[in-house]
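Report on the following structure.
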Amino acid sequence: MTLGKDIRLNNILNPSDGRCVMFPVDHNFIVGPIKGLENVEETLKRALKGRPDAVMVSPGQAKRLSHIFGKRGAPALVIRGDWSNAFREKIYALPARKVQEVLIAHPKDLIHLGATGAVIYFFTGYGDENEQDQHYKRITWFIKNYEKVGLPCQVCVIPVGERVTGANFVDLLELGVRMAVEAGADILEVPYTQDITTFKRIVSAAKGVPVLCAGGPKAARLRDSLEIAAELLEAGASGVVFGRQVFQSEDPASLLNMLYALVHEGKSVDEVMGILGKPLRLKPLPEKCIGCRLCEIICSSSHASSFSPYKSRLHVEEVGDAFKKFKPLVCTLCGSCVKACPTGALELNPELGYLQLNEEKCTGCGKCIEACPIGVLKFDEEARIPLICDRCLGDPQCVKWCPVEAIAAEVY
Amino acid sequence: MGLEGRGYVGKILYVDLMNEKVRTETLDEKVASLLLGGKGLGIWLLYKLSRPREDPLSPNTPLIFATGPLTGTSAPTSSKTCIITKSPATRTVLDSYCGGFFASELKYSGYDCLVITGQAERPSIILIDNGEVDIRAAENLWGLTTVEAEKEIRKSLGKDFKTMVIGPAGERLSPIAGIFSDLRCAGRGGAGTIMGSKKLKAIAVRGKEPVQVYDEREFNKMAWIAYRTLRMSEATARSMPVFGTANILLVVNEAGALPTRNFQSGRFEKAEEISGESFHEELWIRSYGCSLNCPIACSKIALIKEGRFKGTVVDGPDYETIFSFGSNCGVSDKNAISYANYVCDMYGIDTISTGCIIAFVMELYEKGLIKSQELDGIEATWGNAEALVKLVEKIAKGEGVGKFLQLGVKRISERYPDSMSYAMQVKGLEVPGYEPRAAQGMGLCYAVSERGACHLRAYTAGGELLGYLGGIDPLSHDRLKVLYAIDRQDEKAVVDSSVLCFFTLFGLRLKEIYQMIVPCTGFNYENEIELKAVGERVITIARLFNIREGFSKKDDKLPERFLKTPLPEGPAKGQTVHLRQMLSEYYNARGWNEEGIPTKEKLKQLKLTEIL
């Protein structure tokens, strides 16, 4: 390893833990105009408050925004050395007859632009073997020549092309990682395989070369983004390359801060979201409900270890005569059932404020069912007890699983 | 170890309408592990139970409602009902899928599968209440539209009953009749015709039994990953929830693959006006998840706000309906397209076939082969929205010329000499909304599909036109394309046997489905490849059924227009479908002989000899 490359690598990966939060903003010229990057300068200025270790940009961006990257304490600058048509979106992508990848910046261009590192694509999955060979040859050329000027080369491995199927995606990714490592990649960037077990295979194929994981299309919610980061760290990754997750979120800087806490401080998702151990109240948001009833399914699973909407503790109702208008009926903790219970079997947990049932005291009289003002409380004919909502003891599953967040948990 | 509690209830319910007899049978573990459920199980039962080459309308034809191991669990889209029977339109095997909440309720009621045979003496309804089966007279429901019938059933039985019904079109045996559930529809191929032939107006089911899986903790973990993956796919998380399945319409048009004026072109000059974006802007008022646990919510409710049809509330229209009534008839009037959809839903017919029939009539009219006198005075010119609605009404009600037109494109063309070359159908089923000259794989997909022209059998369009998994050259027609198509076909057969909604494949890969199937069933599939083999097995059984019915290579064909007339415009200008080459590659890669018949070795390798 050359001295220059060593120093630069330490600027990208934090030398104390070898990890990195990288923030890429080079999407516009790869996928097309994208939400969140209408004004890259603004986005960067806001996001940099979230302390990313490195920023990934196009050569043009590096030039135009040098006033940002030239500042003291600015993040490391990773610049793209190639371009591909593989990820163009929507109408301007068509017709995509072949995957192409072209050189756009020579090593000395990147040095001129002040690059800390270079990044290039490596695709595995070409239909034509000849094209795959040519592509691999180009990748090795890149790596070798960046090395000559002391630039660490980050290789972004993605299975793309005719050979990719649903069943071989992970295999192709693993092969690509191995090929990139053998060609001398300094940092690997890969898509998440969506589970820890298979991602461990990828990390192990990297033979010690740091693996960073790309975020892909924006997750619908904050929790997903964080959860994925936590999982891939657990699988042995060295950090994240989250672009869309960050710049399409409501508050890019705070998400970057949370990622920092996960990556560098070893905190858990719940810790960084700060929601553990607080009393929660459920709040239905009928205007969001799409009537899929997953809440009922997961409620029964959470309480009875089987799938049975009949035994769920909340319900989705179709509203009136309006076609396909729904509302979730959930326990609002009004306390009517507690008051109606003649034996004191029902009570509110004094600390976390959820309903609890003392089954020994319950006689199955059904007074609580009658008292429920919204009719959500149901009677379990088999067990002869009311099916109360206990907020899953502080971690309500309906809130977590609802695909459209039509049930919210409020701290009270 | 039995199947009970491993994603299955372990029971098949048989109802014989002729003798009003009901019995149950245990679901065989070996069959389940080889075919999963849904499509695989249904076709296997059909193969076992039906008599070769018998008229589909015979009382003996089984009408099968099958669930899969994932039905009723926490997996995404877990209540699609798989309906299997013999198609009255094509005489092939027919598997058709319906949204709604029927399948999960059937399972909660204690049955994995419902097999109906015989013909009732009078209009009937089958009632399944937590396992108890009752066959009742339903004269009061006969003649009602789909929505009226369902409303009536819920009023008299209780609103927690989930239903399957046919409309008046199914009652009078229109060959394009579908089976409906809560505004959703198993539309293609005439499942509703078979139900009508049994004088069965409706099925209602309600159940209280839980569904259990092999390893619930692990299963929920994998289901969670599946939802998260769907939340992270552009298509399922952002495009479809807002713009429905029509989110792709402009892209398909740009690729020159949007069938226009009975497939004369792949570009519609008014595509903007009928795009998902435009419907979203002007007509749709709401999205909803049509089936249990559907996070995608591609279903739309449209409200027609002006004109003759003002105030009509419509479920839809989806991409296929918009193509069939829209570009394919040259119509850009969104209100008319929506209203045509509404009429089809009420009377219970397939929108794709109906639109294609009208497009064919419009071409016959353009060529002067059919006159307005023969069409009850309707002037069937391209783009004539009023003519479109009138013809839909005639076909839906079976009135006037509609009685003839409802027979489908193939039988209409038999009356008009030389029109066969542009009668857009395969094996008697009308061609859906992807122009195969601009996406060669779709040509193969239509030709080898077991139920006639269907886009959902080997959806190569995902890679060819939409860039799914990095994409594949739409115009290539080499071995690689054939293998790509086979892969899509097997993958889809797994989804159909699991049973999940096809659209989950816009986010999930086979890996995520494999990760749910294993903790659900406890089957020791070693990897995704072994699960994919289930798909191959299912495709092969379907093929065997069709061969037994007399189908062979000679029927794996496309309308001449696709093969001989070059596409006039767009990126695929000048192309025709290279079917012959792809077909022989396909048989070869499948391990079938040159006549398209699976070899003995193949059947043995797939372990099919053990269950057939």
Side-chain angles (χ1 to χ4, degrees), chain A residues 86-91 93-99 123 125 127-128 158-170 193-195 198 215-221 224 227-228 290-294 297-298 300-301 304-311 318 322-326 401 403-404, chain B residues 72-74 101 108 183 207-213 216 220 224-225 227-229 231-234 237-238 250-251 254-255 286-289 291-295 297 299 301 313 315 465 467 469-476 480-481 484 487 491 505 509-512 515 528-529 532 571-572:
Chain A
F87 308 106
R88 288 181 302 176
E89 280 194 343
K90 299 276 159 75
I91 283 171
L94 290 162
R97 295 207 51 194
K98 268 202 173 79
V99 174
F123 303 129
D128 181 356
I158 309 179
V160 166
E162 291 94 333
R163 277 183 208 271
V164 184
T165 70
N168 70 9
F169 187 85
V170 177
T193 59
Q194 296 294 349
D195 71 279
T198 50
K218 161 105 172 55
R221 24 179 117 148
D224 289 337
E227 205 178 88
I228 286 162
I290 56 171
C292 79
R293 297 168 62 203
L294 175 55
I297 294 281
I298 211 65
S300 66
S301 173
S305 295
S306 63
F307 303 108
S308 174
Y310 182 72
K311 289 203 176 160
E318 197 163 349
F323 277 99
K324 301 293 174 192
K325 211 169 175 179
F326 303 93
W401 285 68
V404 289
Chain B
T73 67
S74 57
F101 292 78
Y108 298 142
L183 293 174
K208 299 177 177 175
E209 295 305 315
V211 164
Q212 278 164 323
V213 294
E216 172 150 311
N220 275 342
W224 173 258
I225 286 179
Y227 284 102
R228 196 180 64 196
T229 311
R231 282 200 293 271
M232 292 189 65
S233 150
E234 275 306 319
R238 274 174 284 280
L250 289 177
V251 181
E254 196 66 24
R286 201 174 301 128
S287 301
Y288 73 99
S291 181
L292 185 63
N293 306 343
C294 171
S299 306
I301 297 292
V313 180
D315 179 277
L465 306 175
L469 288 174
I472 188 163
D473 180 354
L475 305 186
S476 74
L480 205 66
K481 178 61 71 66
Y484 186 83
D487 210 69
E491 191 176 79
L505 285 178
R509 296 187 207 104
L510 204 58
K511 178 179 81 88
E512 277 83 39
Q515 287 171 336
E528 297 93 313
I529 313 283
K532 213 173 81 174

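FYI, side chains are in, hydrogens and waters are out, and symmetry mates aren't considered; it's all heavy atoms of this structure. Lettering of chains follows the sequences in order, A, B, ..., and the numbering in each one begins at 1.
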Any sub-3.5 Å donor-acceptor pair from B:Arg238's side-chain atoms to A:Lys218's backbone N or O?
-> yes
B:Thr73 versus chain A, the contacting section by heavy-atom distance below 4.5 Å | both
Kindly indicate whether the side chain of A:Phe307, heavy atoms from C-beta on, has any atom under 4.5 Å from the side chain of B:Val213.
-> yes
State, to 0.1 Å, how close A:Ser306 and B:Pro210 come at their nearest heavy-atom pair, and which atoms those are.
-> OG-CB, 3.2 Å
Measure distances from B:Leu183 to the heavy atoms of chain A and classify the residue's part below 4.5 Å as side chain, backbone, both or neither.
-> side chain
One option among A:Val170, A:Thr165, A:Val160, A:Val164 has the most heavy-atom pairs under 4.5 Å with chain B, and it is A:Thr165
Here the gap from A:Lys324 atom NZ to B:Ile301 atom CD1, rounded to the nearest 0.5 Å, amounts to 7.0 Å
Taking the inter-plane angle between the rings of A:Phe326 and B:Tyr288 on a 0 to 90° scale, is it parallel (under 30°), tilted (30 to 60°) or perpendicular (over 60°)?
-> tilted
All heavy atoms of A:Glu162 vs all of B:Asp473, minimum pair found to be OE2-N, 4.3 Å
Which value, rounded to the nearest 0.5 Å, describes the distance between B:Ser74 atom OG and A:Ile298 atom CD1?
-> 4.5 Å
Who wins among B:Leu475, B:Asn220, B:Asn293 for the most heavy-atom pairs under 4.5 Å with chain A?
-> B:Asn293
d(B:Asp487 CG, A:Asn168 CG) to nearest 0.5 Å is 7.5 Å
Between B:Phe101 and A:Cys292, the two heavy atoms sitting closest are CE2-O, 3.8 Å
Atom pair CZ (B:Arg286) and NZ (A:Lys325), whose distance is rounded to the nearest 0.5 Å | 5.5 Å
Counting heavy-atom pairs under 4.5 Å with chain B, the top scorer among A:Gly127, A:Ser301, A:Ser300, A:Ala304 is A:Ser301
Might you work through the side chain to side chain contact (heavy atoms under 4.5 Å, CB included) test for B:Trp224 and A:Glu227, ending with a clear yes or no?
-> CA-CA 11 Å; B:Trp224 173 258; A:Glu227 205 178 88; 2.6 Å; yes
So what's closer than 4.5 Å to chain B heavy atoms on A:Val99: side chain, backbone, both or neither?
-> side chain
Greatest number of heavy atom pairs closer than 4.5 Å to chain A - which of B:Glu209, B:Glu491, B:Lys208 = B:Lys208
Of the listed residues (A:Asp128, A:Leu294, A:Val404), which shares the most heavy-atom pairs with chain B below a 4.5 Å separation?
-> A:Leu294
Could you have a look at B:Ala572, B:Gly289, B:Gly467, B:Ser299 and say which one has the most heavy-atom pairs with chain A under 4.5 angstrom?
-> B:Gly289
Check whether B:Ser291 gets within reach of chain A through its side chain, its backbone, both or neither, counting any heavy atom under 4.5 Å.
-> backbone
Answer with side chain, backbone, both or neither: which region of B:Leu292 has an atom nearer than 4.5 Å to a non-hydrogen atom of chain A?
-> both
Identify which of A:Pro159, A:Gly125, A:Gly215, A:Ser305 forms the greatest number of heavy-atom pairs closer than 4.5 Å to chain B.
-> A:Ser305
Between B:Met232, B:Lys532, B:Gln212, B:Lys481, the one whose heavy-atom pairs under 4.5 Å with chain A are most numerous | B:Met232
Against chain B, label A:Ile290 side chain, backbone, both or neither, depending on which of its atoms sit under 4.5 Å from a heavy atom there.
-> both
Partner residues of A:Asp195 under the side chain to side chain donor-acceptor pair (under 3.5 Å) criterion, sequence neighbours left out | A:Thr198, B:Lys511, B:Gln515
